[in-house]
Amino acid sequence: MYKSLRLKSLMKQRGISIEKLALDLNLSEENIILCQNNIFNADIDILILLADYLDISVDYLMGRIDNPDSHKKKFASF
């Protein structure tokens, strides 16, 4: 799955509008729409911003892995 499809579905699942995401991240709505439609290839700074905002890994956002929680550290119990 391409990052645009992941971004679009994550926003829909969490009830985040284009307007809210753009406002919260200080990005233009046009850039969000272009990113959703895979027209604009976001640079790493924007990918990190989106991943941090959505609490997912950049790899998940880009469709490289299927576990959205892979970025969360897991500690072994003693």
Would a 4.5 Å heavy-atom cut-off, applied to side chains only, mark Ile46 and Leu25 as touching?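 They are not in contact (no side-chain heavy atoms under 4.5 Å apart), so the answer is no.
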Is it the case that more than 12 heavy atoms not belonging to Glu30 sit under 6.0 Å from its CD atom?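 Not more than 12 within 6.0 Å, no.
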Contacts of type side chain to side chain donor-acceptor pair (under 3.5 Å), residue Gln13, not counting sequence neighbours: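 Not a single residue meets the side chain to side chain donor-acceptor pair (under 3.5 Å) criterion with Gln13.
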So, using side-chain contact (heavy atoms from CB on, under 4.5 Å) as the criterion, who are the partners of Ile48 when residues are at least two apart?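 With sequence neighbours excluded, Ile48 shows a side-chain contact (heavy atoms from CB on, under 4.5 Å) to Ile44, Asp52, Val58, given in chain and number order.
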Nearest 0.5 Å please: distance from the [atom1] atom of [X] over to the [atom2] atom of [Y].
{"X": "Leu23", "Y": "Ser17", "atom1": "CG", "atom2": "OG", "answer": "9.0 Å"}
{"X": "Met11", "Y": "Leu54", "atom1": "CE", "atom2": "CG", "answer": "8.0 Å"}
{"X": "Ile32", "Y": "Leu7", "atom1": "CD1", "atom2": "CG", "answer": "6.5 Å"}

Scan side-chain atoms only and decide if His71 and Asp59 contain a donor-acceptor pair under the 3.5 Å cut-off.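 The criterion, which ignores hydrogens and geometry beyond distance, is not satisfied for Asp59 and His71.
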What are the two closest non-hydrogen atoms of [X] and [Y], and how far apart are they?
{"X": "Ser57", "Y": "Ile65", "value": "OG-CD1, 3.6 Å"}
{"X": "Leu47", "Y": "Met62", "value": "CD1-SD, 3.9 Å"}
{"X": "Arg64", "Y": "Arg6", "value": "N-NH1, 4.5 Å"}

From CA spacing to verdict: side chain to side chain contact (heavy atoms under 4.5 Å, CB included), Tyr53, Ile16: CA-CA 11 Å; Tyr53 183 86; Ile16 301 169; 3.8 Å; yes
Test Leu21 against every option in Leu50, Leu27, Leu10 by the side chain to side chain contact (heavy atoms under 4.5 Å, CB included) rule and name the one that passes.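 Single pass found, and it is Leu50.
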